[in-house]
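Read the structure below first, then the notes.
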There are 2 protein chains.
Amino acid sequence: MNKEDQKDSDLFEGYSRILTEFFERMNSWEQSVVSGTGVSLAQMHLIEVIGNRGELRMKELAGILGVTTGTLTVMAHRLEEKGYVSRSKDEQDKRSYFIRLTEQGVQEYRNHHHMHFHLIEGIVDALGEEEAEIFFSNLKKLQGSI
Amino acid sequence: MNKEDQKDSDLFEGYSRILTEFFERMNSWEQSVVSGTGVSLAQMHLIEVIGNRGELRMKELAGILGVTTGTLTVMAHRLEEKGYVSRSKDEQDKRSYFIRLTEQGVQEYRNHHHMHFHLIEGIVDALGEEEAEIFFSNLKKLQGSI
DNA sequence: AAATAAAGTTTGACTGTCAAGCTAATTCCC
DNA sequence: GGGAATTAGCTTGACAGTCAAACTTTATTT
């Protein structure tokens, strides 16, 4: 390993730690935000996706969440029992169901969304408006390479 | 809501989506990286922590991972059975155990670490060296506010 | 019309998780 | 020193999340 490579190695090592730490902090932030509500993290994620995109077919939702339809079936049933989502048959394709948020589900979605908004405020505060803009534009740029 | 607030609202909305998307991509990157190995994501995380910090007491490790000692006991047993970690009594405090990586555990840690390194290379490539430096320094700055 | 494919469900197995109650060792305080 | 309180870890019971595989019902293809 030559001098240049060694330099990169140490630098990248540091970057790696920063990214890992950031990721872990985000995880526990999300966890702590969710732990005041009646739903788990995975359940909140489901609610968020429907909240963002509106009514979806089970298959589509499973794809977005990255789980099998079997997994989704049981999650959906639990959330249905708790009153956050409701489902209805697609009259066009009778194999298919639509899943959407109930009033209670929308409420939960709004609360959660509000917490995200606060988080963003904190970030913009910490970096300043100009730096924040650069930061988020870089974050966006990265979405191709991760 | 006045005009300024409205502007922030839309802007922050966009930022929020970028951050959420980044977070989700990182999650599935991590998931996909782990899914070629013999260990789960949570197990890899445990291996990573010991790999970074070296031998630890069960209590300390549970604290770092953010789980109860009960949870850790069962995870550690499973990883012990699979041959990734080993444990030994602390001769000073006989209630306590040290947990460390076996040779196989170290191997798994190195492989995973290597994947992280690649990820960082990808990021630096995508942003360019100067921008990358700014990006990571901002990421670091945020660790106080999340 | 029969064969094939697709959407969703069910079930069995396993991991991750916590809370609560347990044992054994340590520390604190009288 | 000796009893009380604390601490480290373990065990167990209960559940959520997860997948794969087998299944049912409906749609599509040939």
Side-chain angles (χ1 to χ4, degrees), chain A residues 24 27-28 30-32 34-50 55-100 108, chain B residues 24 27-28 30-32 34-50 55-100 108:
Chain A
E24 277 171 20
N27 259 319
S28 44
E30 195 78 31
Q31 182 57 65
S32 78
V34 133
S35 80
T37 70
V39 302
S40 73
L41 215 152
Q43 290 174 337
M44 186 61 88
H45 194 195
L46 188 158
I47 289 172
E48 246 184 312
V49 170
I50 307 182
E55 197 174 65
L56 287 167
R57 287 194 181 71
M58 294 286 277
K59 189 72 190 297
E60 296 169 326
L61 181 53
I64 296 167
L65 293 176
V67 300
T68 63
T69 58
T71 297
L72 180 56
T73 296
V74 342
M75 283 187 73
H77 283 171
R78 292 205 257 259
L79 280 170
E80 218 170 1
E81 268 173 21
K82 296 211 243 182
Y84 293 99
V85 305
S86 70
R87 300 190 318 150
S88 60
K89 268 215 157 83
D90 177 354
E91 285 306 319
Q92 258 59 56
D93 183 342
K94 288 196 175 131
R95 294 167 304 179
S96 199
Y97 288 91
F98 285 114
I99 178 168
R100 83 189 68 70
E108 200 67 52
Chain B
E24 277 171 18
N27 259 319
S28 43
E30 194 77 32
Q31 182 58 63
S32 78
V34 133
S35 81
T37 70
V39 301
S40 73
L41 214 151
Q43 290 173 335
M44 186 62 87
H45 193 194
L46 188 158
I47 289 172
E48 246 184 311
V49 170
I50 307 183
E55 194 174 65
L56 286 167
R57 286 194 183 71
M58 294 288 278
K59 189 70 189 299
E60 296 170 325
L61 180 54
I64 295 167
L65 294 175
V67 300
T68 63
T69 58
T71 297
L72 180 56
T73 295
V74 341
M75 283 186 75
H77 283 172
R78 292 205 257 255
L79 280 171
E80 219 170 359
E81 268 172 22
K82 294 212 242 179
Y84 294 99
V85 305
S86 69
R87 302 189 317 150
S88 58
K89 267 214 158 85
D90 178 355
E91 284 307 318
Q92 259 59 58
D93 182 342
K94 289 198 174 129
R95 293 167 306 180
S96 199
Y97 288 90
F98 285 114
I99 178 169
R100 85 188 69 69
E108 200 67 55

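Lettering follows sequence order; numbering is per chain, from 1. Every value quoted in this text rests on a predicted model; they were computed, and no experiment measured them.
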In whole angstrom, give the distance that lies between atom CG of A:Asp93 and atom P of D:dT24. 19 Å
Would you mind reporting whether A:Tyr84 and A:Glu108 have side-chain heavy atoms less than 4.5 Å apart? yes
What integer distance in Å separates A:Glu80:CD from C:dT9:P? 9 Å
C:dA7 OP1/OP2 closer than 4.0 Å to side-chain N/O of A:Arg57: no
Once you apply a heavy-atom cut-off of 4.0 Å, does A:Thr69 come out as touching a base, just sugar-phosphate, or nothing? base
If you check the A:Arg87 side chain, which of D:dA27, D:dT18, C:dG8 turns out closest? C:dG8
Pairs involving residues 65-88 of chain B, ordered by first then second residue, that meet salt bridge (charged side-chain N to carboxylate O under 4.0 Å, His left out) (sequence neighbours left out): B:Glu80-B:Arg87
Which value, rounded to the nearest 0.5 Å, describes the distance between A:Ile99 atom CD1 and A:Glu60 atom CD? 11.5 Å
A:Gly63 near the nucleic acid: base, sugar-phosphate alone, or nothing, with a heavy-atom cut-off under 4.0 Å? nothing
Quick check for you: to the nearest 0.5 Å, what is the distance between A:Leu46 atom CG and A:Ile64 atom CD1? 10.0 Å
With heavy atoms under 4.0 Å as the rule, sort B:Gln92 into base, sugar-phosphate or nothing. sugar-phosphate
Using only heavy-atom distances, determine whether the side chains of B:Glu30 and B:His45 contain a donor-acceptor pair under 3.5 Å. no
What is the nucleic acid contact for A:His77, judged by heavy atoms within less than 4.0 Å: base, sugar-phosphate only, or nothing? sugar-phosphate
d(CG, B:Leu46; C1', C:dT15) in whole Å: 14 Å
Mind checking if A:Asp90 touches a base, just sugar-phosphate, or nothing, with heavy atoms under 4.0 Å? nothing
Using atom CD1 of A:Ile47 as one end and atom P of D:dG17 as the other, report the distance to the nearest whole Å. 11 Å
Given that B:Arg95 and B:Thr71 both sit by DNA chain C, which one's nearest nucleotide is further toward the 5' end? B:Thr71
Rounded to whole angstroms, how far apart are CE on B:Met75 and C1' on D:dT11? 17 Å
Measuring to OP1 and OP2 of D:dA20, would you say a side-chain N or O of A:Thr68 lies under 4.0 angstrom away? no
OP1 or OP2 of D:dC10 sitting under 4.0 Å from any side-chain N/O of B:Thr73? yes
Just the rounded figure in Å: distance from C1' of D:dG9 to CG of B:Leu56. 15 Å
Residue pair B:Phe98/B:Val74 against DNA chain D: nearer the 5' end by closest nucleotide is B:Phe98
Grab the CD-C1' distance between B:Glu60 and D:dT7 for me, whole Å please. 14 Å
Checking contacts here: which listed nucleotide (C:dG8, C:dA25, D:dG9) is nearest the side-chain heavy atoms of B:Ser96? D:dG9
Measure from CG on B:Leu72 to C1' on D:dT11 and round the result to the nearest Å. 14 Å
